[in-house]
There are 2 protein chains.
Amino acid sequence: MSESSAAVRNTRQRSAVSALLGEMEGFHSAQDLHAMLRERGERVGLTTVYRTLQGLADAGEIDVMRPPGGEHLYRRCSEGHHHHLVCRACGRTVEVAGPAVESWADRVAAKHGYADVSHTMEIFGTCPACAR
Amino acid sequence: MSESSAAVRNTRQRSAVSALLGEMEGFHSAQDLHAMLRERGERVGLTTVYRTLQGLADAGEIDVMRPPGGEHLYRRCSEGHHHHLVCRACGRTVEVAGPAVESWADRVAAKHGYADVSHTMEIFGTCPACAR
DNA sequence: TGCGTTTTTGACAATCATTATCGTTGCCAC
DNA sequence: GTGGCAACGATAATGATTGTCAAAAACGCA
């Protein structure tokens, strides 16, 4: 019951998933990542990929996006809290920071007495390349 | 093949779903609504409930929320664009308007050349009643 | 009002991402 | 080296959502 044990073991699979995410650009689904790992010759179970991604997401090391009508997408993100501007057509993603939005959300929540506030935001549009 | 026909027919089922949404508070899943209709004695197929909800959502008459790890929730909302502040514990929902957020999203998207912009935002927290 | 056309309906099956299960494996501490 | 315990992974289960297609209902028009 000691709270000092990290209880996160350093396994080959976890490293593989983490490393793959480090090299990838953009968002990918769990099944995507699993397929890529197999192509590389890394033998990792699909279940483990899901578990690892959840763990990384909980730890805040990766970001999860739920596009309308699709599966969960995971991505290694830059530090800190930010949001995404995603192209509807090609999926190209831009990270955007909005301090004003953060504080607005906190303020609104506080006004209604809500505590322990978090929020999600996605902006969708058509990127310049796809608009043509 | 005339493209001029509005092609939206006024059926008993559509009215039933719409009326039910008009009386409900808060968000409900498609399956929820389907069950309520059955209890009322309205005979409406689950497929039709899904289709009707999608149609209403497309028309902007109702709002869709995708809570993390759950099913789609539908709700008749007040006019205009707004967002939701949802209690993690009890689901109590407050509608919040954030003109500043709207314009921020549009501005950010425009800066990156994205067109035809839309966005989604949900704020999660613990409401006063549940915080105690 | 009656008729034909076209949409809508609805029961059921299919899909498919995600989660649970549970015996086995391998990491880590001692 | 060894034991305990968390992680793994193949498979099955879950469950919401979507597709299918014949039958029924609604609308427009004469």
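Within every chain, numbering begins at 1; the chains are lettered A, B, ... in the order of the sequence lines, protein sequences first and strands thereafter.
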Does a side-chain N or O from A:T48 land closer than 4.0 Å to OP1 or OP2 of D:dG9, or not? yes
With a cut-off of less than 4.0 Å, is there a side-chain N or O of B:S29 near OP1 or OP2 of D:dA16? no
Side chain proximity check, B:Y114 to A:V94, heavy atoms < 4.5 angstrom: yes
Among D:dC8, C:dT8, C:dT18, the one nearest B:R14 by side-chain distance: C:dT8
Before giving the answer on side-chain contact (heavy atoms from CB on, under 4.5 Å), spell out for B:T11 and B:T48 the whole-Å C-alpha distance, their side-chain angles and the decisive distance to 0.1 Å. CA-CA 11 Å; B:T11 65; B:T48 301; over 6 Å; no
Could you please name the option among D:dT18, D:dA10, C:dT18 that lies closest to any side-chain atom of A:T47? D:dA10
Report yes if a side-chain nitrogen or oxygen of A:R12 is closer than 4.0 Å to either non-bridging phosphate oxygen (OP1 or OP2) of D:dG9; otherwise report no. yes
Think B:Q31 has a side-chain N or O under 4.0 angstrom from the OP1 or OP2 of D:dG15? no
Side chain of A:L46, heavy atoms from C-beta onward: which of C:dT18, C:dG10, D:dA25 has the nearest atom to it? C:dT18
At less than 4.0 Å, is any side-chain N or O atom of B:H72 found next to OP1 or OP2 of D:dA16? Yes or no. no
What is the distance, to the nearest angstrom, from the CZ atom on A:R43 to the P atom on C:dG26? 11 Å
Of all the nucleotides listed (C:dA17, D:dC8, C:dC28), which has the minimum atom distance to the side chain of A:N10? C:dC28
Out of D:dC8, C:dC12, D:dA25, which has the shortest distance to the side chain of A:R51? D:dC8
When you get a sec, tell me which of D:dT18, C:dT18, C:dT6 is the closest nucleotide to the side chain of A:Y50? C:dT18
Distance check needed: D:dT17 P versus B:R66 CZ, whole Å only. 9 Å
Are any of the side-chain heavy atoms of A:V96 and B:H112 separated by less than 4.5 Å? yes
Would B:R75 and B:E95 pass as an ion pair if we require N to O under 4.0 Å? yes
